Amino acid sequence: MAHACLDAPSDGVVRWAPLVTRGPVLDVASGAGRHARFFAARGMEVVAVDRDAQVIPGVKVVRANLEDGSPWPFAGQRFGGIVVTNYLHRPLLPVIAAALAEEGVLIYETFMVGNERFGKPSNPNFLLRPGELLQAFSALTPVAFEQGTTGKAVVQRICAIRNHMERARIVA
């Protein structure tokens with residue numbers, strides 16, 4: 001993740017993207033917008049939020065600092081898909097879960113404890129604890145969960161749906 005091409009969407013996002021069948025899709029802490037562009041290219045309505053101003057063709061970009069105590073810029077809005085990669089601000093985890101629409105898909109992946117041996121991030125405030133995404137999103141139905149070493153980083157990934165278990169679909 002940390003050393004991957006920053007223009008290409010992450011492998012986990014690409015793998016689980018077919019589960020996102022409707023928008024809008026929210027790309028949280030979007031950076032340059034690699035995932036926003038990916039979902040826009042799939043014909044989705046996409047909203048990207050980041051603290052830095054960006055121009056991403058075909059995407060509504062919202063500039064907001066999600067960590068300064070300001071209100072969530074999407075109060076009352078629900079998203080058919082939410083993507084978060086390489087970002088962790090624990091107070092946002094319940095807010096993100098609440099912003100997911102019924103039948104919506106969450107794809108979240110970031111670094112976890114153990115990544116310090118590969119470099120940054122190494123601060124425990126920015127590293128997930130084992131199983132933390134499962135706990136944080138326990139109200140959602142997990143479709144996939146991974147944690148461990150990729151060879152370049154130690155990561156945790158979850159794909160989860162807000163629905164009843166029997167409606168979860170496995171992508172081959």
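Predicted model, so just to flag it, every value in this text is computed and none were measured.
- The side-chain contact (heavy atoms from CB on, under 4.5 Å) check on Pro73 picks up Val49, Val62, Ala64, Leu66, with sequence neighbours excluded.
- One finds the CG atom of Asp27 at 13.5 Å from the CE atom of Met44 (value rounded to the nearest 0.5 Å).
- Annotation: the span from Ile161 atom CD1 to Ile107 atom CD1 amounts to 9.5 Å, rounded to 0.5 Å.
- Between atom CG of residue Asn65 and atom NE2 of residue His89 there is a gap of 8.5 Å, rounded to the nearest 0.5 Å.
- Contact annotation: the side chain of Ser10 approaches that of His35 to within less than 4.5 Å [non-hydrogen atoms, C-beta and beyond].
- Leu128 is not listed as a side-chain neighbour of Phe111, based on a closest heavy-atom distance of 4.5 Å or more.
- With sequence neighbours left out, the salt bridge (charged side-chain N to carboxylate O under 4.0 Å, His left out) criterion links Arg78 to no other residue.
- Contact annotation: the side chain of Gln156 approaches that of Phe145 to within less than 4.5 Å [non-hydrogen atoms, C-beta and beyond].
- Under a 3.5 Å cut-off, the side chain of Gln147 and the backbone N or O of Pro130 do not form any donor-acceptor pair.
- For the salt bridge (charged side-chain N to carboxylate O under 4.0 Å, His left out) test, no residue two or more places apart in sequence or in another chain qualifies with Arg42.
- Nearest heavy-atom pair across Thr150 and Val155 is CG2-CG2, 3.6 Å.
- Side chain of Asn115 to backbone of Ala153: no donor-acceptor contact under 3.5 angstrom is found.
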Carefully, step by step, assess Thr110 and Asn86 under the rule side-chain hydrogen bond (donor to acceptor under 3.5 Å, both in side chains).
CA-CA 4 Å; Thr110 196; Asn86 300 346; 4.8 Å; no

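- Within the structure, ring pair (Phe, Tyr, Trp, His ring centres under 6.0 Å) pairs that include any residue of residues 90-109 comprise Tyr108-Phe137 (at least two apart or interchain).
- Side-chain N or O atoms of Thr149 include none that pairs as donor or acceptor with a backbone N or O of Gly151 at under 3.5 Å.
- When the side chain to side chain donor-acceptor pair (under 3.5 Å) test is applied to Arg22, no partner is found at least two apart in sequence or on another chain.
- Counting heavy atoms from C-beta outward, Pro121 and Leu127 have side chains that approach closer than 4.5 Å.
- Of the possible donor and acceptor atoms, none in the side chain of Asn163 sits under 3.5 Å from a partner among the backbone N and O of Glu103.
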Could you walk me through whether Val83 and Leu26 pass the side-chain contact (heavy atoms from CB on, under 4.5 Å) check?
CA-CA 6 Å; Val83 177; Leu26 177 62; over 6 Å; no

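- Ring to ring, Phe74 and Phe79 are close: their centroids are under 6.0 angstrom apart.
- Annotation: side chain of Thr85 is in contact with side chain of Arg34 (closest heavy-atom distance under 4.5 Å).
- The side-chain heavy atoms of Leu100 and Leu140, taken from C-beta on, include a pair separated by under 4.5 Å.
- Note: the hydrophobic cluster containing Leu134 also contains Ile82 (ILVMFWY, side chain heavy atoms under 4.5 Å, direct or indirect links).
- Contact annotation: the side chain of Val59 never approaches that of Val47 to less than 4.5 Å [non-hydrogen atoms, C-beta and beyond].
- Listed by first then second residue, pairs satisfying side chain to side chain donor-acceptor pair (under 3.5 Å) with a partner in residues 54-63 number zero, not counting sequence neighbours.
- Evaluation of the ring pair (Phe, Tyr, Trp, His ring centres under 6.0 Å) rule for Phe39 yields no partner, not counting sequence neighbours.
- Under the salt bridge (charged side-chain N to carboxylate O under 4.0 Å, His left out) criterion, Glu146 pairs with Arg15, Arg157, sequence neighbours left out.
- Evaluation of the side-chain contact (heavy atoms from CB on, under 4.5 Å) rule for Ser122 yields Glu116 as partners, not counting sequence neighbours.
- For residues 67-77, the set of pairs meeting the side chain to side chain donor-acceptor pair (under 3.5 Å) definition, not counting sequence neighbours, comprises Glu67-Tyr87, Asp68-Ser70.
- Of all heavy-atom pairs spanning Ile56 and Ala36, the tightest one is CD1-CB, 4.3 Å.
- For the side-chain contact (heavy atoms from CB on, under 4.5 Å) test, residues two or more places apart in sequence or in another chain that qualify with Asn125 are Asn123.
- Applying the salt bridge (charged side-chain N to carboxylate O under 4.0 Å, His left out) test to every pair with at least one member in residues 123-135, sequence neighbours left out, gives these pairs: Arg90-Glu132, Arg129-Glu132.
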